[in-house]
Amino acid sequence: MNLLAARGSLRIRLLAGTLFWIAASIAIAAWGLGSLFREHVATQFNGELRTHLDQLTAHLAVDGQGHPTLAVPLSDPRLRLPYSGLYWQIDELGEGGAKAGAAAGGERAKQVAAGSLRSRSLWDSVLDVPPDAPADGEIHRHRVAGPADSMLGMVERVVRIDDPAAGLPRSFRLIVAADERLMVEPVARFDGALWLALGVLAAGLVVAALVQVSVGLAPLRKLHGALGRVRNGDAQTLVGKFPAEVMPLVDEFNSVLTQNAEVVERARTHAGNLAHALKTPLSVLANAATGKDDELARLVVTQVDTAKRQVDYHLARAQAAAAMRVPGARTTVRPVLEGLLRTMRRIHAGRQLELVLQPIAGDPAFRGEENDLQEMLGNLLDNACKWARSRVEVDARLEQGSLLIRVDDDGQGIAAADRDAVLRRGVRADQQVPGTGLGLSIADDLAQLYGGELALADSPLAGLRVVLRLPAAGSAVGG
């Protein structure tokens with residue numbers, strides 16, 4: 001489907017809009033839920049560090065030598081497992097306290113005893129804390145390098161404890177750190193599960209969108225089928241149950257079809273009335289001139305005959321032009337051919353012609369009026385019977401969506417150079433054969449009115465083959 005057709009497709013537009021909003025909603029949901037979970041995990045991570053720091057603060061004590069100790073070991077078993085990812089450490093600050101701990105270089109080394117006391121999980125490692133000077137009780141957060149090339153999230157607090165032995169307060173930096181993988185890995189697992197769930201949800205929404213669009217457009221497909229039945233002659237109006245949103249269109253279309261049929265019927269009536277109105281005075285004139293052998297009588301008879309032929313010709317064209325505008329017309333070919341062949345056998349009974357209807361596959365139908373098909377085929381068969389020596393064959397079939405009817409005779413045929421001329425109105429191939437010269441012309445004009453064509457060719461029977469191509473009922477080809 002090219003870009004222009006895609007832009008003009010209601011199905012594509014509905015699906016494109018729905019899929020765009022599904023994709024946007026899934027992306028926003030993934031970003032929002034992922035952000036909320038990351039924030040939750042970070043909050044929980046920092047909250048756990050704060051809890052361990054509070055426990056470390058609560059259990060801190062000073063022994064008789066003035067060294068820090070824990071009155072009660074912390075309860076988390078990971079603190080006793082080497083390099084478990086959760087650590088604590090106590091740095092002993094010098095007499096200058098926290099402010100001295102913030103000094104740089106060698107001065108800081110004199111004032112701070114890093115790792116005076118630490119968890120077993122640190123094993124022989126010591127956490128290197130950035131130099132800063134938090135106020136007593138204030139909590140600072142840092143990211144520092146940890147054991148095994150890990151990155152740690154760390155919280156620290158400086159506390160002052162009175163040392164009865166020294167008679168001076170002692171300052172200690174309490175540190176709790178945890179491997180950031182304890183925060184990153186749950187987020188990664190959650191993101192994987194989240195995208196899987198959202199992917200399943202997106203697939204379900206896409207399927208639902210496809211079903212919704214298909215179900216929603218089903219009435220239009222049904223309407224298309226109903227229009228096709230009207231076009232192909234299977235129905236005169238749109239028939240079926242349609243949604244309330246579509247019914248006004250169906251009712252209006254049926255109303256137009258009804259009005260069009262009424263207009264056509266009135267046109268036919270007027271044409272018939274005109275024909276009868278003209279034929280009556282023409283018949284009176286012909287009867288008045290009959291039996292007289294003067295020049296005026298012969299002129300009247302000749303002109304009346306010409307006028308009658310012209311009336312018949314234009315009446316047939318008018319009726320066909322009106323009929324072709326009526327949707328829903330459908331005529332089965334086989335009964336028409338069989339009836340015409342019976343008629344031709346009676347008309348040409350004295351010539352002992354063999355009229356053969358070849359086997360017809362299926363049940364082909366003409367998308368038009370039965371009278372017009374009879375008019376075309378009647379002229380073709382009558383012309384073939386006039387020229388045939390002993391045999392006329394008729395064949396009907398569907399070919400490439402069109403109705404193809406071939407009439408062959410074993411007469412003398414028509415030279416290729418003369419074939420276009422005999423299709424012109426009133427031109428006769430041989431003046432010795434009775435006729436008006438209108439048969440082939442009428443058939444050709446009627447065929448063209450229906451969007452078909454009439455062609456002349458050499459027949460396998462050595463005479464003339466007339467090929468009539470017409471729109472077939474049930475196909476989109478033709479008028």
Side-chain angles (χ1 to χ4, degrees), residues 233 268 275 309 312-313 315-317 319-320 323-324 329-399 402-411 413-414 422-423 428-429 433-450 452-457 459-461 463-473 478-479:
R268 286 178 173 177
R309 287 191 280 111
D312 292 339
Y313 172 76
L315 178 61
R317 282 183 59 90
Q319 290 177 335
M324 67 169 295
R330 177 188 177 91
T331 303
T332 305
V333 176
R334 186 194 302 271
V336 174
L337 284 174
E338 291 174 346
L340 288 172
L341 288 175
R342 286 194 297 268
T343 301
M344 293 300 156
R345 290 188 181 99
R346 290 194 296 268
I347 294 175
H348 301 278
R351 300 188 56 205
Q352 300 297 317
L353 294 176
E354 184 181 6
L355 306 181
V356 179
L357 176 61
Q358 300 292 350
I360 299 177
D363 194 20
F366 163 57
R367 179 155 37 102
E369 289 288 325
E370 180 177 354
N371 291 336
D372 295 331
L373 184 62
Q374 289 178 340
E375 181 75 17
M376 289 182 282
L377 295 180
N379 281 303
L380 298 183
L381 289 173
D382 185 56
N383 184 77
C385 290
K386 288 176 181 178
W387 289 95
R389 293 188 178 92
S390 61
R391 184 178 179 88
V392 174
E393 292 183 1
V394 184
D395 178 27
R397 67 182 64 185
L398 292 176
E399 185 176 285
S402 295
L403 174 63
L404 196 67
I405 301 175
R406 295 183 298 195
V407 179
D408 291 289
D409 65 67
D410 60 351
I414 299 176
V422 299
L423 292 179
R428 298 168 59 188
V433 178
T436 63
L438 294 174
L440 291 179
S441 177
I442 290 177
D444 184 38
D445 285 346
L446 290 179
Q448 291 183 25
L449 286 174
Y450 278 99
E453 62 179 353
L454 186 144
L456 305 180
S459 171
L461 302 181
L464 179 69
R465 164 171 285 183
V466 181
V467 181
L468 180 63
R469 185 181 296 272
L470 296 171

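This structure is a prediction, so every number in the text was calculated from the model and none was measured.
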Provide the closest heavy-atom pair for G378 versus L340 in the form atom of the first, atom of the second, distance.
-> N-CD1, 3.7 Å
Pairs satisfying salt bridge (Lys or Arg N to Asp or Glu O under 4.0 Å), at least one member in residues 332-349, at least two apart = none
Quick one: pull up OG1 in T343 and NE2 in H348 and give me the separation to the nearest 0.5 Å.
-> 10.0 Å
Backbone of L461 reached by a side-chain donor or acceptor of S459 within 3.5 Å = yes
Grab the two heavy atoms, one from A384 and one from V407, that are nearest each other, plus how far apart they are.
-> CB-CG1, 3.7 Å
Considering residues at least two apart in sequence or located in another chain, which fulfil the side-chain contact (heavy atoms from CB on, under 4.5 Å) criterion with N383?
-> W387, L440
For P460, the side-chain contact (heavy atoms from CB on, under 4.5 Å) test, sequence neighbours excluded, returns D408, R465
Mind jotting down which residue pairs meet the side-chain hydrogen bond (donor to acceptor under 3.5 Å, both in side chains) criterion with at least one end in residues 349-360? Sequence neighbours excluded, please.
-> E354-R391, Q358-E393
Locate the shortest heavy-atom distance separating A457 from L464; write the atom from each residue and the value.
-> O-CD1, 3.5 Å
Could you list the residues that satisfy side-chain hydrogen bond (donor to acceptor under 3.5 Å, both in side chains) with D410, not counting sequence neighbours?
-> S390
T331: partners by side-chain contact (heavy atoms from CB on, under 4.5 Å), with sequence neighbours left out = V336, F366, E370, L373
Distance col, row L470:CG vs L404:CG, nearest 0.5 angstrom, shows 9.0 Å
R367 backbone acceptor or donor facing R330 side chain under 3.5 Å = no
What is the distance from atom CD of E453 to atom CG of L468, rounded to the nearest 0.5 Å?
-> 9.0 Å
Got L456 and V466 here, is their nearest side-chain heavy-atom distance under 4.5 Å?
-> yes
Would you name the heavy atoms of G411 and R389 that are closest together and state the gap between them?
-> O-NH1, 3.2 Å
Looking just at side-chain N and O atoms, do Q448 and D444 make a donor-acceptor pair shorter than 3.5 Å?
-> yes
Kindly compute the distance separating CG (L355) from CE (M344), expressed to the nearest 0.5 Å.
-> 9.0 Å
Can you tell me how far CG of D382 sits from CG of L377, rounded to the nearest 0.5 angstrom?
-> 12.0 Å
With L398, which residues qualify under side-chain contact (heavy atoms from CB on, under 4.5 Å), at least two apart?
-> P364, L403, A472
Distance, nearest 0.5 Å, that separates OG1 of T332 from CG of D363 = 5.0 Å
Heavy-atom pair with the smallest gap, counting every atom of N379 and E375 | ND2-O, 2.7 Å
Write down the atom of A396, the atom of L337, and the distance for their closest heavy-atom approach.
-> CB-CD1, 4.0 Å
